[in-house]
Amino acid sequence: MATLSSWQLGRTQPERPCSLAALGNLEEVLRLPTGALSGLLGRPRARGRGSRESRMLPIGALKPGEERVAALLAGLNTSGDPHLIRISQHDRYEYGADRSQLRVWNRQVMRADRDGPDRWVTLFYEDEPGCGLPRPRGLRNCRLGKTAVDEESGVLAAELLFSHPLRRGETLIMEYEMVHREPRPVGSWGSCGRTLRMTTREYLLEAAFHPAALPAICEEFTEPADGQPGTVRRLIPDSTGCVHALALDTGPARFGVRWTWDVPEPS
């Protein structure tokens, strides 16, 4: 049942010999032609560390201006990136009464799959031209290293250095924040989220709004990297003015929350 459920949800497909044999039995039980279910299977998934790395999107993927981002990252050390497995991610975006973005708090749990990774490189994009870029600050188990900024594209890249190089199998809880030096311009719409460059077990995203500036319409969205149809789900702020979206075993994909503060005019 678990295998069929995961297959139906698009997470995995039957591949083990016992699962493939069960498909033949199901075809008999359901009185389907031989091969009716097994014919729906895609190519077997590649396995192993190399295959995981090949399924990881490069930093900056699914965003415009990938060439400029690559140039921005050229001066930073991203060699450890493919060897940090994302176990869980929690992002919290906070917005003020004037609709400005005040702070972004991030918490990640990662595991090294080889000896040596000693930093995490993050990108932060300006939502709207002229909004300005924030200042990153390490809060737990990390400190700020090199940074690079492309003002024209509105992109900030930053290294967050660990206290020591990780050993293979070692896990790390890391927290950092992005704080704006000045209030950002007020707009009628907004969005937040993250590019999940590889399958992430758990990604929790919060958007916390001031009670005096709740959005009129708010929704969760997913945009798969492989071009498959995306998903949209309506969100309602809770009693604190916060909405959240949870992605499990998701990626590579863009996952986020978007909203409008103004009620759309009827068409």
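Index from 1, following the sequence.
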Measure from the side-chain N and O atoms of Asp91 to the backbone N and O of Leu205, and report whether any donor-acceptor pair falls under 3.5 Å. no

Heavy atoms, side chains only, cut-off 4.5 Å: are Ile217 and Trp189 in contact? no

Kindly say whether Gly138 contributes a backbone atom to a donor-acceptor pair with the side chain of Arg140 at under 3.5 angstrom? no

Taking Asn141 for its side chain and Ile173 for its backbone only, find out whether a donor-acceptor pair lies under 3.5 Å. yes

How long is the gap from CG on Leu248 to CG on Leu246, to the nearest 0.5 Å? 4.0 Å

Do the side chain of Thr260 and the main chain of Ser188 share a donor and acceptor less than 3.5 angstrom apart? yes

State, with a plain yes or no, whether a side-chain heavy atom of Arg194 is found less than 4.5 Å away from one of Gln89. yes

Angle between ring planes, Trp261 versus Trp259, binned at 30° and 60°: parallel, tilted or perpendicular? perpendicular

Leu166 side chain near Asp115 side chain, heavy-atom distance below 4.5 Å: no

By side-chain hydrogen bond (donor to acceptor under 3.5 Å, both in side chains), which residues pair with Glu170, not counting sequence neighbours? His164

Hey, are Glu219 and Arg234 close enough for a salt bridge, meaning a charged N less than 4.0 Å from a carboxylate O? no

Between Arg68 and Glu152, is any pair of side-chain heavy atoms under 4.5 Å apart? yes

Can you classify the ring geometry of Phe209 versus Tyr95 as parallel (below 30°), tilted (30 to 60°) or perpendicular (above 60°)? parallel

Heavy-atom check, side chain of Val155 versus side chain of Leu123, under 4.5 Å: yes

CA sep, side-chain torsions, deciding dist, call: Arg167, Asp113, salt bridge (Lys or Arg N to Asp or Glu O under 4.0 Å): CA-CA 8 Å; Arg167 301 181 302 275; Asp113 73 357; over 6 Å; no

When hydrophobic residues are tied together by side-chain contacts of less than 4.5 Å, even through go-betweens, does Val179 share a cluster with Tyr125? no

Can the positive tip of Arg258 be found less than 6.0 Å from the middle of the six-membered ring of Phe221, inside 45° of the ring normal? yes

Could you tell me the separation between the SG atom of Cys142 and the CZ atom of Phe162, rounded to the nearest 0.5 Å? 8.0 Å

For Asp81 and Arg197, what are the C-alpha separation, side-chain angles and deciding distance, and is it a salt bridge (Lys or Arg N to Asp or Glu O under 4.0 Å)? CA-CA 11 Å; Asp81 185 70; Arg197 295 187 292 113; 2.8 Å; yes

Least distance between heavy atoms, Ala213 atom then Gly96 atom: CB-O, 3.9 Å

CZ (Arg99) and NE2 (His210) are apart, to the nearest 0.5 Å, by 13.0 Å

Main-chain N/O of Ala158 paired to Thr122 side chain as donor or acceptor, under 3.5 Å: no

Could you note down all residue pairs passing salt bridge (charged side-chain N to carboxylate O under 4.0 Å, His left out) where residues 199-217 supplies at least one of them, sequence neighbours left out? Arg92-Glu206

Check Pro117 against Ala112 and note the closest heavy-atom contact, atom names and distance. CG-CB, 4.2 Å

In Å and rounded to the nearest 0.5 Å, what is the CG to CZ distance from Leu156 to Arg135? 11.5 Å

Sequence neighbours left out, what passes side-chain hydrogen bond (donor to acceptor under 3.5 Å, both in side chains) with Ser79? Give chain and number order. Asn77

Is there a path of hydrophobic side-chain contacts, each under 4.5 Å between heavy atoms of I/L/V/M/F/W/Y residues, joining Leu139 to Leu161? no

With side chains defined as the heavy atoms from C-beta onward, is the minimum distance between Arg103 and Met178 less than 4.5 Å? no

Pair Gln108, Asn106: side-chain N/O donor-acceptor within cut-off below 3.5 Å: no

Stepwise, does the side chain to side chain contact (heavy atoms under 4.5 Å, CB included) test hold for Val243 with Ile236? CA-CA 6 Å; Val243 298; Ile236 304 297; over 6 Å; no

Between Cys218 and Val257, what is the shortest heavy-atom contact and its length? SG-CG1, 3.5 Å

Do Met110 and Trp120 come within less than 4.5 Å of each other through their side chains, counting heavy atoms only? yes

Write down the atom of Ala157, the atom of Leu76, and the distance for their closest heavy-atom approach. CB-CD1, 3.6 Å

Scanning both residues in full, the closest heavy-atom pair of Asp118 with Pro165 reads CB-CA, 4.0 Å

pair Arg233-Thr231: side-chain heavy atoms closer than 4.5 Å: no

Between Asp238 and Cys242 (side chain of the first, backbone of the second, donor and acceptor by atom type, cut-off under 3.5 Å), is there such a pair? yes

Looking only at heavy atoms, which two atoms of Phe124 and Leu133 are closest? And how far apart? O-CD2, 3.9 Å

Applying the 4.5 Å side-chain criterion to the ILVMFWY set and letting contacts propagate, would Ile87 and Val121 be lumped into a single cluster? no

Under 4.5 Å between side-chain heavy atoms, hopping through other hydrophobics if needed: is there a path connecting Trp105 to Phe255? no

Could you tell me whether Lys146 and Glu159 make a salt bridge, using a distance below 4.0 angstrom between a side-chain N and a carboxylate O? no

Evaluate whether atom NE2 of His90 has more than 12 neighbouring non-hydrogen atoms of other residues, nucleotides or ligands under 6.0 angstrom away. yes

Roughly how far, to the nearest 0.5 Å, is CG of Asp249 from CG of Leu196? 11.0 Å

Does Val109 share a hydrophobic cluster with Leu172, counting links as ILVMFWY side-chain heavy atoms below 4.5 Å and allowing steps through other members? no

